[in-house]
Amino acid sequence: MNIRVRFAPSPTGHLHIGGARTALFNYLFAKKSGGTFILRIEDTDELRSTEESMNSIFESMKWLGLDWDEGAMPDLAEKGNSGPYVQSKRQDAGIYKKHAERLLKEGMAYRCYCTPEELEDMRRKAQLEKRPLRYDGRCRKLSNAQAEDFERQGRRPALRFSMPQEGKTQFVDLIHKEMEFENAILYDFIMIKASGYPTYNFACAIDDHLMEISNVIRGDDHISNTPLQLNLYNALGWAPPDFAHLSMILGSDGARLSKRHGATSVQEYRKQGILAETLRNYLALLGWSTSDSKQIFEKGELEEKFDLKGCQKNPAIFDPVKLKWMNGEYIRKLSKQELFLLAKSYMVESGIDIECQSPEKAADIICLEQEKYKLLSEIPSMIDFFFKEVIYSRDAVDKVFRAHGVEVILNGIKDKYSGLGNFNEAEIEAETRNFAKSNGFKTGQVFHPVRVAVSGRTEGPTLFKMIERLGKEQTLKRIDKALELLKTLV
RNA sequence: GCCCUCAUCGUCUAGAGGCCUAGGACGCCGCCCUUUCAAGGCGGAGAUCAGGGGUUCGAAUCCCCUUGAGGGCGCCA
């Protein structure tokens, strides 16, 4: 059998972490088995769906490298032979109506004239009487006269599926194994809303069948929808796909991941400077693992190793700290050129005039601190002093410049550096050490003030590499500036 | 309230009856390296496997109950 899987987001916002994880698992499952990965847009919520969200989802998917073989594409284009892949277009094509009418004709669906208010009352009453909150099926046996009466009142009916009231619905979930539901607790869900739009449970099942989806891999929150959809398949005489329900992703407090836990969309993490590779790797490990608990995967390795068998049944808490650690790992693996290209936009964004150095020089400077970066967004603040006027941090001044002998040291170093013909790392280091030794200073005693004088801070790249990159002119200028500052200290 | 699901270090997890005195990773602590901050190396603390009953010669692993957590019960998806 051909493996065909789909990711079916509804365009009501940006692609969030949970959705991205579902998309990734579907993608990996397809790649692993040489199957087809399909992107379907479920925009049957006519009030909340937006084209903007749809495009944002496309963009996040592309960025994550989750390229789909079939489905909706940007600019209203489509790819594949099972289209359209946007449900509103399928609705326009009459696809849902056709199958709904067949069920209606065969007596497996019925018109429901209940108003939202009536349904709300029904639920309230059930709540009060401690009964299950499901629809009581009152419109199932409406007489023609009653129906006509409602029609005359101007009520537009919704179409409900007639759920079997006895027996059980069973299926084998690829992750959870055997699942069983009493049909009596299932309910007559709405297939077609009064507006004519299909509901999720209806459109989803119809499309999965028509698109020949072999495996439905989705979040745990859909478990209770599965028996509903299974009964629909059954009524239609269709063979259902296999199901696999992924555990949820929770926030640090164990509650469902939401805004108050911090960034929740792929886009936000991208902005922070998480690499796409990092996010893929991290997300893959939320609810899935290999038997050796491998953490970092090489390019293409996830596609090769992914397996539904390694999926966890229990929910996973999203850990931003581990994400950051992993991002550092991936940043360290970047080539100089890759890092430079990635960092560039963050530099420009934070107002650094990157053009004041040659691209080679700028790349060189950025890579000086490569092993320290955890987020691309923190790069500018770590190396900005190479590109603009030095600013002495309060902290550094208090900690270093107030020590004895700083003035003597800076003056001495200034002299030494001025006389240097070859202003390179080795020469600078030799000269600096030499100065310390011949004047009876400990190396640290000299290094620290020099560091603060040229960079304005106590932490940074290897001192002599840093000074070489700064250049003779800048270095001397900054030592002078530090000397001026010293005079103002009391 | 009803239904469903889940339960191993703080967190992500390995574990499919004896290999478990429970392994790895993040984080934390210490040491080494070192001019700083990182990175790296080495080491450490951290889980009576939610609790209680069974089954078995033997259970983290199988069964039952309890508890806790999550999900669903929408003309949302």
Open item on the list: Check this one for me: any side-chain N or O of A:Arg457 less than 4.0 Å away from OP1 or OP2 of B:U36?
Closed with: no

Task: A:Asn201 side-chain proximity, nearest of B:A77, B:U35, B:C76 - done: B:A77

TODO: With heavy atoms under 4.0 Å as the rule, sort A:Gly460 into base, sugar-phosphate or nothing.
DONE: base

TODO: Remember a base hit wins even if backbone is also touched, and classify A:Lys193 as base, sugar-phosphate or nothing at under 4.0 Å, heavy atoms.
DONE: base

- [ ] Determine the contact category for A:Ser293: base if any of its heavy atoms lies under 4.0 Å from a base atom, sugar-phosphate if only primed atoms, P, OP1 or OP2 are that close, otherwise nothing.
- [x] base

Task: Side chain of A:Asp221 (C-beta onward), nearest among B:A25, B:U5, B:G71 - done: B:G71

Open item on the list: Classify A:Leu463 by what it touches in the nucleic acid, base, sugar-phosphate, or nothing, heavy-atom distance under 4.0 Å.
Closed with: base

Open item on the list: B:U36, OP1 or OP2 - any side-chain N/O from A:Lys465 closer than 4.0 Å?
Closed with: no

Task: Whether A:Asp136 side chain and A:Arg138 backbone form a donor-acceptor pair below 3.5 Å - done: yes

Open item on the list: Taking any heavy-atom pair under 4.0 Å as a contact, classify A:His222: base, sugar-phosphate, or nothing.
Closed with: base

- [ ] Give the rounded distance in Å between these two atoms: OH of A:Tyr200 and P of B:C76.
- [x] 15 Å

Open item on the list: Please classify the nucleic acid contact of A:Gly328 as base, sugar-phosphate, or nothing, using heavy-atom distances under 4.0 Å.
Closed with: nothing

- [ ] Measure the distance from CD on A:Glu182 to C1' on B:C3 and round it to the nearest whole Å.
- [x] 10 Å

Open item on the list: Does A:Tyr197 reach a base, just sugar-phosphate, or nothing at all? Heavy atoms under 4.0 Å.
Closed with: nothing

Task: Along RNA chain B (nearest heavy atom to each residue), the more 5'-positioned of A:Lys294 and A:Ala255 - done: A:Lys294

TODO: Taking all heavy atoms of A:Ala8 and all of A:Arg6, pick out the closest pair and write down the distance.
DONE: CB-NH1, 3.9 Å

Task: Short N-O contact, A:Lys305 and A:Asp292, less than 4.0 angstrom - done: no

Open item on the list: At less than 4.0 Å, is any side-chain N or O atom of A:Ser289 found next to OP1 or OP2 of B:A14? Yes or no.
Closed with: yes

Open item on the list: Using side chain to side chain donor-acceptor pair (under 3.5 Å), reason through A:Asp207 and A:Tyr96 one step at a time and then give a plain yes or no.
Closed with: CA-CA 9 Å; A:Asp207 289 346; A:Tyr96 307 113; 2.6 Å; yes

Task: Distance test, side-chain N/O of A:Thr199 to OP1/OP2 of B:A77, below 4.0 Å - done: no

Open item on the list: Could you tell me how far B:C9 sits from B:G15 if I compare only their C1' atoms? Round to whole Å.
Closed with: 14 Å

Open item on the list: Would you say A:Gln312 places a side-chain N or O within less than 4.0 Å of OP1 or OP2 belonging to B:A14?
Closed with: yes

Task: Any A:Lys374 side-chain N or O less than 4.0 Å from OP1/OP2 of B:A39 - done: yes

- [ ] Please determine, for B:C42, whether a Watson-Crick or G-U wobble partner exists with both distances under 3.5 Å, and give it or none.
- [x] B:G30

Open item on the list: As a test of reading the structure: which of B:G27, B:C12, B:A77 is closest to the side chain of A:Leu285, going by heavy atoms?
Closed with: B:C12

Task: Distance in angstrom units between A:Ile428 CD1 and B:U35 P, rounded - done: 16 Å

TODO: For this output row, return yes or no: ring centroids of A:Phe447 and A:Phe464 closer than 6.0 angstrom.
DONE: yes

Open item on the list: For a quick check of understanding: with a heavy-atom distance under 4.0 Å over all strands, which category does A:Arg134 fall into, base, sugar-phosphate or nothing?
Closed with: sugar-phosphate

Task: B:U48: pairing nucleotide in any strand, Watson-Crick or G-U under 3.5 angstrom - done: none

Open item on the list: Counting the atoms with a prime plus P, OP1 and OP2 as sugar-phosphate, which does A:Arg123 contact under 4.0 Å by heavy atoms, base, sugar-phosphate, or nothing?
Closed with: sugar-phosphate

- [ ] From the options B:U11, B:C3, B:A39, select the nucleotide whose nearest atom is closest to the side chain of A:Asp319.
- [x] B:U11

Open item on the list: Distance to the ring centre below 6.0 angstrom and angle to the axis at most 45 degrees; does that hold for A:Arg160 and A:Tyr135?
Closed with: yes

Open item on the list: Mind checking if A:Met382 touches a base, just sugar-phosphate, or nothing, with heavy atoms under 4.0 Å?
Closed with: nothing

TODO: Output yes when a side-chain donor or acceptor of A:Arg134 lies under 3.5 Å from a complementary backbone atom of A:Leu186, and no otherwise.
DONE: yes

Open item on the list: Roughly how many Å apart are B:A59 and B:G24, using the C1' atom of each and rounding to a whole number?
Closed with: 23 Å

Open item on the list: Roughly how many Å apart are B:A47 and B:A22, using the P atom of each and rounding to a whole number?
Closed with: 11 Å

- [ ] Choose from B:C6, B:A77, B:A39 the nucleotide whose nearest atom is closest to any side-chain atom of A:Lys313.
- [x] B:C6

- [ ] Name the nucleic acid region contacted by A:Leu133, choosing base, sugar-phosphate or nothing; use a 4.0 angstrom heavy-atom cut-off, strictly under.
- [x] base

Open item on the list: Can you check the distance between B:G17 and B:G53, where both ends of the measurement are the P atom (answer in whole Å)?
Closed with: 24 Å

Open item on the list: Taking the P atom in each of B:G10 and B:A50, what is the distance between them to the nearest angstrom?
Closed with: 12 Å

- [ ] Could you check whether A:Arg124 gets within reach of a base, just the sugar-phosphate, or nothing at all, counting any heavy atom under 4.0 Å?
- [x] nothing

TODO: Scan A:Pro461 against the nucleic acid and name what it touches under 4.0 Å (heavy atoms): base, sugar-phosphate only, or nothing.
DONE: base

- [ ] For B:G40 and B:U8, measure between their P atoms and round to the nearest Å.
- [x] 29 Å

TODO: Both distances under 3.5 Å, Watson-Crick or G-U wobble: report the partner of B:A14, or none.
DONE: none

Task: Nucleotide nearest A:Trp325 (side chain, heavy atoms from C-beta), chosen from B:G74, B:U8, B:G27 - done: B:G27

- [ ] Indicate, with a heavy-atom threshold strictly under 4.0 Å, whether A:Ser10 touches base, sugar-phosphate, or nothing.
- [x] sugar-phosphate

Open item on the list: For A:Trp68 together with A:Phe7, are the ring centres under 6.0 Å from each other?
Closed with: no

- [ ] Return the nucleotide paired to B:G68: Watson-Crick means purine N1 to pyrimidine N3 with N6-O4 or O6-N4, wobble means G-U with N1-O2 and O6-N3, both under 3.5 Å.
- [x] B:C6

Task: Whole-Å gap separating C1' (B:A77) and CD1 (A:Ile57) - done: 12 Å

Task: Nearest-nucleotide pick for A:Ser291, side chain only, options being B:A14, B:G1, B:C3 - done: B:A14

Task: A:Ile223 side chain, from C-beta outward: closest of B:C4, B:C26, B:U13 - done: B:C4

Open item on the list: Which nucleotide wins on minimum distance to the side chain of A:Arg451, given the candidates B:G71, B:C76, B:U35?
Closed with: B:U35

- [ ] Tell me which nucleotide among B:U35, B:G1, B:G40 gets nearest to the side chain of A:Lys130.
- [x] B:G1

Task: Any N/O donor-acceptor pair, A:Asn225 side-chain to B:A77 base, under 3.5 Å - done: yes

Task: Gap between atom CD of A:Gln165 and atom CZ of A:Arg140 - 0.5 Å precision - done: 4.0 Å

TODO: Would you tell me if any nitrogen or oxygen in the side chain of A:Arg218 comes within less than 4.0 Å of OP1 or OP2 on B:G72?
DONE: no

